[in-house]
Amino acid sequence: KQEVTQIPAALSVPEGENLVLNCSFTDSAIYNLQWFRQDPGKGLTSLLLIQSSQREQTSGRLNASLDKSSGRSTLYIAASQPGDSATYLCAANQGGKLIFGQGTELSVKP
Amino acid sequence: GAGVSQTPSNKVTEKGKYVELRCDPISGHTALYWYRQSLGQGPEFLIYFQGTGAADDSGLPNDRFFAVRPEGSVSTLKIQRTERGDSAVYLCASSYSGQRTDTQYFGPGTRLTVL
C-alpha cells in the first residue's frame with residue numbers, strides 16, 4: 001500500500017529565504033507526482049506535475065524534483081515571499097488516484 | 001474557462017439524514033475524482049469515474065456512500081444515514097482524459113458537518 005510522507009509538518013522562514021519541502025513515497029510504481037498548494041478553507045491549486053520518466057519540473061520560482069528509485073520528491077521555493085504562506089501537499093498518482101501526504105504548513109514572515 | 005465547481009459550499013445536516021453533494025467538472029474532462037479531507041490531513045481518495053462508469057471505487061468507506069455520473073459530466077456523491085464521522089471537506093477533481101500524464105484540477109470543496 002502506497003504511503004506518502006511529508007517532512008517537516010510545519011516550517012517558518014523569513015522572507016527572501018530559499019527553502020526545500022520534502023516528500024517521500026513507499027511504492028515507486030507511480031504514474032506521476034503532483035505538488036499542490038492549499039490556502040486555508042480553500043481547494044487545492046496544482047503547482048507542478050512531474051511524470052514518472054522525468055527528473056524535474058520548473059515553474060517560476062518553483063522547482064520540483066523526482067527520484068523514483070529512492071522514493072523521494074522535493075519542492076524548492078526560491079526567494080520566498082509572504083504570499084507563499086500556505087499548506088503544500090504532494091501526491092503520488094497510482095493507477096489514476098492520488099495518494100496524498102499530510103502536507104507542510106509554510107509560513108513566510110515579512 | 002471555468003474551473004471545477006461544487007455545490008453546496010457548506011452543508012450542515014443531522015445524524016441519520018441523507019445528503020447529496022454535486023460536482024461540475026471542467027468542460028470536456030472525461031475523468032472525475034472524489035476525495036475527502038479531514039481537518040489537518042491530506043485528501044483521501046474515494047472514487048474515480050472515466051466517462052459514466054466508476055473506474056475505481058476502492059476508496060468508498062462503506063455502502064452508505066455512493067456516487068453517480070449518469071451523463072459523463074456532472075457527478076453526485078450520495079451519503080445515506082450520515083454519521084458524525086462523515087464530517088469533512090469533500091473535494092472533487094477532474095482531468096482531461098484520465099491518462100497517466102494528466103493533471104488533476106480540484107474544486108473548492110463542500111464542507112459537510114454532521115451534527
Side-chain angles (χ1 to χ4, degrees), chain A residues 1-10 21-25 27-54 57 59 62 64 66 68 73 86-105, chain B residues 2-7 9-10 21 23-26 29-51 53-60 67 88-111 113:
Chain A
K1 180 186 172 187
Q2 177 74 273
E3 292 184 3
V4 179
T5 304
Q6 291 187 248
I7 295 173
L21 306 181
N22 296 293
C23 172
S24 61
F25 48 95
D27 186 344
S28 62
I30 61 174
Y31 286 174
N32 58 60
L33 190 133
Q34 204 165 345
W35 282 93
F36 294 89
R37 167 184 174 139
Q38 187 171 34
D39 293 283
K42 304 290 186 182
L44 279 64
T45 300
S46 179
L47 297 174
L48 289 165
L49 182 148
I50 313 176
Q51 302 298 343
S52 62
S53 58
Q54 295 177 322
Q57 278 288 326
S59 176
L62 305 180
L66 176 64
K68 277 180 51 178
S73 177
T87 296
Y88 290 80
L89 293 150
C90 70
N93 186 322
Q94 263 198 325
K97 60 188 179 187
L98 296 180
I99 311 299
F100 284 85
Q102 291 190 316
T104 293
E105 186 176 356
Chain B
V4 178
S5 62
Q6 294 185 246
T7 54
S9 55
N10 280 284
L21 311 179
C23 172
D24 282 83
I26 293 172
H29 280 195
T30 62
L32 185 146
Y33 313 80
W34 284 98
Y35 296 85
R36 177 169 73 171
Q37 186 174 27
S38 299
L39 193 63
Q41 304 294 316
E44 293 180 310
F45 170 79
L46 295 176
I47 186 170
Y48 152 40
F49 286 91
Q50 184 63 263
D56 185 345
D57 65 357
S58 62
L60 295 177
V89 175
Y90 289 80
L91 296 165
C92 176
S94 70
S95 69
Y96 180 67
S97 63
Q99 292 189 16
R100 58 182 64 201
T101 55
D102 285 355
T103 296
Q104 293 186 24
Y105 297 94
F106 280 76
T110 293
R111 182 175 299 278
T113 303

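Naming: A, B, ... by sequence-line order, numbering from 1 per chain. The structure presented is a predicted model; accordingly, all values stated were derived computationally and were not measured.
Partners of B:D102 by side chain to side chain contact (heavy atoms under 4.5 Å, CB included), not counting sequence neighbours, listed by chain and number: B:S95, B:Y96, B:S97, B:Q99. B:Q41 pairs by the side chain to side chain contact (heavy atoms under 4.5 Å, CB included) definition with A:Q102, B:S38, not counting sequence neighbours.
When all heavy atoms of A:Q51 and B:T101 are compared, the pair lying nearest together is NE2-O, 3.0 Å. Nearest heavy-atom pair across A:L98 and B:Y35 is N-OH, 3.1 Å. Residues B:S58 and A:K97 approach most closely at OG-NZ, 3.1 Å, considering heavy atoms. Nearest heavy atoms, B:L91 versus A:L44: CD1-CD1, 3.8 Å.
Surrounding CZ of A:F100 are more than 12 heavy atoms belonging to other residues, nucleotides or ligands, all under 6.0 Å away.
Separating the CD atom in A:Q94 from the CZ atom in B:F45 is a distance of 11.5 Å, to the nearest 0.5 Å. Distance check, rounded to the nearest 0.5 Å: OG1 of A:T45 to OH of B:Y105 gives 11.5 Å.
Using a distance-only test at 3.5 Å, with no hydrogens or angles considered, a donor-acceptor pair links the side chain of B:Q104 to the main chain of A:G96.
Residue B:T103 forms a side-chain contact (heavy atoms from CB on, under 4.5 Å) with just one option from A:L48, A:L49, A:N93, and that option is A:L49.
No part of B:E44 comes within reach of chain A, as not one of its non-hydrogen atoms sits under 4.5 angstrom from that chain. Neither the backbone nor the side chain of A:E105 comes within less than 4.5 Å of any heavy atom of chain B.
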